[in-house]
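Every heavy atom of this structure was used, including side-chain atoms; hydrogens, water molecules and symmetry mates were not.
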Amino acid sequence: MAVKYRIRIEKESSNITITYALNVPSGDAELIADFEVFVAGENVIKNFLPGQNAFQGATSYVLQKPDADAPVSFSISDNMDWSDNGNDVLRGSRKYDEALFQTAE
């Protein structure tokens with residue numbers, strides 16, 4: 001099995017809100033080994049500890065240049081050699097924009 005996840009990154013002017021939920025099946029030997037989300041080059045996930053079977057929450061970030069495009073990306077890995085990653089861009093030309101990363105249901 002792989003880590004199930006949903007990561008949503010929302011832009012409103014210079015304010016960025018990141019919400020996330022990750023989990024692995026209970027009773028399985030699989031654990032989340034690493035989780036990072038980058039906004040404009042900065043890792044915004046500060047409180048992740050490896051070895052969990054679930055991790056969820058929200059955090060915020062303020063863009064220094066809200067009118068410039070801001071790259072966003074994520075990476076996740078587990079202790080069983082599975083990994084996933086992705087990237088997108090929050091467009092500076094839009095006051096509101098979002099990026100959504102999730103596993104297929």
- Message: side-chain contact (heavy atoms from CB on, under 4.5 Å) for Thr17 and Lys11? Distances and angles first, verdict last.
- Response: CA-CA 7 Å; Thr17 302; Lys11 174 188 176 196; over 6 Å; no

Kindly write out the residues that satisfy salt bridge (charged side-chain N to carboxylate O under 4.0 Å, His left out) with [X], not counting sequence neighbours, or none if the list is empty.
X: Arg94; answer: none
X: Glu10; answer: Arg8
X: Lys46; answer: Glu42

Give me the atom names and distance for the closest heavy-atom approach of [X] to [Y].
X: Ala33; Y: Pro50; value: O-CB, 3.3 Å
X: Leu90; Y: Ala99; value: CD2-N, 4.0 Å
X: Ser93; Y: Asp69; value: N-OD1, 4.5 Å
X: Val44; Y: Thr59; value: O-CG2, 3.6 Å
X: Ser13; Y: Leu63; value: O-CD1, 4.2 Å
X: Phe35; Y: Ile7; value: CE1-CD1, 3.7 Å

With the side chain counted from C-beta on, respond yes when [X] and [Y] share a heavy-atom pair under 4.5 Å apart, and no when they do not.
X: Asn15; Y: Val62; answer: yes
X: Tyr20; Y: Ile45; answer: yes
X: Val24; Y: Gln52; answer: no
X: Ile32; Y: Asp78; answer: no
X: Met80; Y: Leu31; answer: no
X: Leu49; Y: Asn47; answer: no

- Asp34 (side chain) donor-acceptor with Phe48 (main chain) under 3.5 angstrom: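 No; zero donor-acceptor contacts below 3.5 Å.
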
- Nearest-0.5 Å distance that lies between atom OG in Ser14 and atom CD in Gln64: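 Ser14 atom OG to Gln64 atom CD measures 8.5 Å (nearest 0.5 Å).
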
- With sequence neighbours excluded, what pairs up with Phe38 under the side chain to side chain contact (heavy atoms under 4.5 Å, CB included) test?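 Once residues adjacent in sequence are excluded, the partners of Phe38 under the side chain to side chain contact (heavy atoms under 4.5 Å, CB included) criterion are Glu36, Asn43, Ser73.
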
- Item | Non-neighbouring partners of Phe101 that pass ring-ring contact (aromatic ring centres under 6.0 Å, His included), sequence neighbours left out |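 Partners of Phe101 under the ring-ring contact (aromatic ring centres under 6.0 Å, His included) test: Phe74.
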
- By side chain to side chain donor-acceptor pair (under 3.5 Å) - contacts of Asp84 (at least two apart):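 Checked Asp84 against side chain to side chain donor-acceptor pair (under 3.5 Å); matches are Tyr5.
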
- Task: Count the heavy atoms belonging to other residues, nucleotides or ligands that lie under 6.0 Å from CD of Gln56, then report whether that count exceeds 12.
- Result: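 Open: at most 12 neighbouring heavy atoms sit under 6.0 Å from CD of Gln56.
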
- Message: Surrounding CG of Asp81 (heavy atoms of other residues, nucleotides or ligands, distance under 6.0 Å), is the total greater than 12?
- Response: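 Not buried by this count: 12 neighbours or fewer within 6.0 Å.
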
- Message: According to a hydrophobic-cluster definition based on side-chain heavy atoms being under 4.5 Å apart (Ile, Leu, Val, Met, Phe, Trp, Tyr only), do Phe55 and Trp82 belong together?
- Response: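 Yes: a chain of side-chain contacts under 4.5 Å links Phe55 to Trp82.
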
- Query: Is Asp97 salt-bridged to Arg91, going by a charged N under 4.0 Å from an acidic O?
  - Reply: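 Answer for the salt bridge query: yes.
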
- Message: Could you go through Val37 and Val72, starting from their C-alpha distance and side-chain angles, then the distance that decides it, and tell me whether this counts as side-chain contact (heavy atoms from CB on, under 4.5 Å)?
- Response: CA-CA 7 Å; Val37 175; Val72 296; 6.0 Å; no

